[in-house]
Amino acid sequence: MPRSLLFHLCYISILRAVDSGEPALSKTVSGYVSSPTGTHPKPSSGSKRIVQYAHTIYAPSSESHVHINELVNSTRPIYATNVIWGTWTIFANKTMVIAKDGVNISPGLSSNSWAWAEMKTVQKAGVKVSMGMRSGWGLLNEESTFDAYYTVLHDTLKKYNFDGMDFDIEDYTDGNTHAIRLDPVVKLIQRLRKDFGQNFVITLAPVSSAMAGGDNLSAFSYSQLEKRCGKDISWYNVQFYYGENELASTSTVDAVMKNGWKPERIVVGMMSTPDYDPFVPLAKVAETLHTLNRKYPTLKGIDGWDYYDQKPGGYPAPWEWPRWAAKQMGVRDGNGASPSSGVKSFMA
């Protein structure tokens, strides 16, 4: 993200599907305060999704940790409903790795133990955490080897106790003849649903033009995917930053809806960090979101990529974006959330 811009720079449900098991952000959010070990309200099937991408667990060009546990700091209400954690790849040697500043590393390194501890803290607070898978899709293409590579994925999801998986499939580029096809994607989604149950969050992250019937970075039609296994897909985290200034107006979202998509299947994805183009100023995005909420009141929610230095808080307070996002979606703390006082730093 764009996962489409990110990687060439080497930096790296339909409410029926899983809503009964998702964490909720209801309009009573002002009535509770987050706590890693406290009691939290049960999910509400009508709540919006506030999805936080945290694709890098280390700050770029440093060893500084990106602390997602600040999303559930006990001094503030919880705004995020879902977190997509890390950038994962399956390798041909049947291992899975995560990206660290453009370099692939083993998730099992002792130096990464803090990340899994923070993930548990976020989950204990009632926020679902999904694996963000970005590469290695082509290894799942062939029937003869599917089970071997699926086992690697399955076991990794179990080992780190993920609540879901986000499919960021952008392998249909530069003449790649091994891009994953529709049938294996359907098979993978159905197997995950069977093995992990109805509460497992399965999302996909197509670029906006693919959902509108145009340019597609995946080698299959998302409309056909929805017909084949939509009941097993929680929703779509659509990248409305594939083109320039997409969220400066409602036109791109409108094009997706005109292509037959229901608003309740769509989480509007925005670039929340100014480090990459095309970043649209938050004030302009807010105007667009307010209009979208009036036009499409059942819109599923909003996601932000990427956590580590996103606006409005930047490096010192990246957790402020979910609060901002919740406000734009009409879900907010009645008295306003506390500013970043008391949070000395999110880097360590």
Side-chain angles (χ1 to χ4, degrees), residues 3 7 12-13 17-18 21 53-55 57 82-100 103-113 115-117 119-120 122-123 128-172 176-206 217-220 222 225 228-237:
R3 295 185 283 265
F7 289 89
I12 343 233
S13 10
V18 296
Y53 276 92
H55 262 190
I57 67 174
N82 301 79
V83 172
I84 297 172
W85 188 217
T87 301
W88 293 76
T89 297
I90 300 178
F91 274 0
N93 65 358
K94 298 183 178 62
T95 60
M96 289 201 75
V97 298
I98 54 174
K100 178 185 177 184
V103 177
N104 293 313
I105 61 173
S106 169
L109 294 174
S110 60
S111 56
N112 296 328
S113 61
W116 315 125
M119 175 175 156
K120 290 179 182 178
V122 171
Q123 290 172 314
K128 295 284 191 179
V129 181
S130 294
M131 169 191 285
M133 183 164 157
R134 177 59 173 78
S135 300
W137 298 107
L139 295 170
L140 295 160
N141 249 337
E142 302 305 323
E143 185 72 23
S144 60
T145 56
F146 179 93
D147 286 342
Y149 289 107
Y150 175 77
T151 298
V152 175
L153 173 61
H154 173 278
D155 292 352
T156 304
L157 289 166
K158 292 282 285 187
K159 178 178 180 179
Y160 294 101
N161 196 33
F162 279 104
D163 301 304
M165 179 174 165
D166 184 65
F167 293 53
D168 185 7
I169 302 175
E170 299 185 12
D171 59 357
Y172 194 46
N176 180 14
T177 60
H178 300 289
I180 192 167
R181 302 181 300 270
L182 178 60
D183 285 349
V185 175
V186 171
K187 182 177 181 178
L188 177 56
I189 290 170
Q190 292 176 338
R191 182 74 69 85
L192 288 169
R193 180 61 67 220
K194 178 179 180 290
D195 290 349
F196 289 92
Q198 289 303 306
N199 290 340
F200 194 72
V201 183
I202 298 175
T203 55
L204 289 95
L217 298 182
S218 308
F220 57 87
Y222 282 89
L225 180 67
R228 292 273 301 274
C229 63
K231 66 182 179 63
D232 292 320
I233 297 170
S234 304
W235 65 80
Y236 296 86
N237 295 314

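- Scanning both residues, Tyr149 and Ala92, for their nearest heavy atoms gives OH-O, 2.9 Å.
- When each of Tyr222, Tyr236, Phe220, Trp137 is tested with Phe167 by the rule ring pair (Phe, Tyr, Trp, His ring centres under 6.0 Å), just one qualifies, namely Trp137.
- A donor-acceptor pair under 3.5 Å is absent between the side-chain atoms of Asp163 and the main chain of Val201, judged by distance alone.
- When each of Leu109, Val103, Ile57 is checked for a side chain to side chain contact (heavy atoms under 4.5 Å, CB included) with Ile98, only Ile57 meets the rule.
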Next on the checklist: Please determine whether side chain to side chain contact (heavy atoms under 4.5 Å, CB included) holds for the pair Ile189 and Leu225, giving the CA-CA distance in whole Å, both sets of side-chain angles, and the decisive distance to 0.1 Å.
Outcome noted: CA-CA 10 Å; Ile189 290 170; Leu225 180 67; 4.0 Å; yes
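- Taking the six-membered ring wherever Trp is involved, the centroid distance between the rings of Trp85 and Phe162 does not fall below 6.0 Å.
- Between Tyr150 and His154, the ring planes are tilted. Angles from 30° to 60° get that label.
- Between Arg228 and Asp183 there is a salt bridge, since at least one side-chain N of the basic residue sits less than 4.0 Å from a carboxylate O of the acidic one.
- Interatomic distance, Lys120 NZ to Asn161 CG, rounded to the nearest 0.5 Å: 7.5 Å.
- Once rounded to the nearest 0.5 Å, the distance linking CZ of Phe146 with CG of Asn141 reads 10.0 Å.
- The two residues Gly132 and His55 come nearest to each other via the heavy atoms CA-NE2, 4.3 Å.
- A distance of 5.0 Å separates CZ of Arg191 from CG of Asp147, quoted to the nearest 0.5 Å.
- Put simply, the side chain of Arg181 never gets that close to the backbone of Val185: no donor and acceptor are under 3.5 Å apart.
- Here the CE atom belonging to Met96 is positioned 10.5 Å from the CG atom belonging to Asn104, to the nearest 0.5 angstrom.
- With respect to Met133, the side chain to side chain contact (heavy atoms under 4.5 Å, CB included) criterion is satisfied by exactly one of Thr87, Ile84, Leu153, Asp166: Leu153.
- Inter-residue side-chain proximity for Leu139 and Val152 is flagged as unmet; no heavy-atom pair is nearer than 4.5 Å.
- Rounding to the nearest 0.5 Å places NZ of Lys187 at 9.5 Å from CG of Leu140.
- No donor-acceptor distance shorter than 3.5 angstrom exists from the side chain of Thr89 to the backbone of Gly136, with no hydrogens or angles considered.
- Between Asp195 and Lys158, none of the side-chain N atoms (NZ, or NE/NH1/NH2) sits under 4.0 Å from a carboxylate O, so this pair counts as no salt bridge.
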Next on the checklist: Gln198 vs Arg193, test: side chain to side chain contact (heavy atoms under 4.5 Å, CB included). Steps then yes/no.
Outcome noted: CA-CA 6 Å; Gln198 289 303 306; Arg193 180 61 67 220; 3.1 Å; yes
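- Minimum heavy-atom separation, Ala205 to Tyr53: CB-OH, 3.7 Å.
- Rounding to the nearest 0.5 angstrom, the gap separating the CG atom in Asn176 from the CG atom in Asp171 is 5.5 Å.
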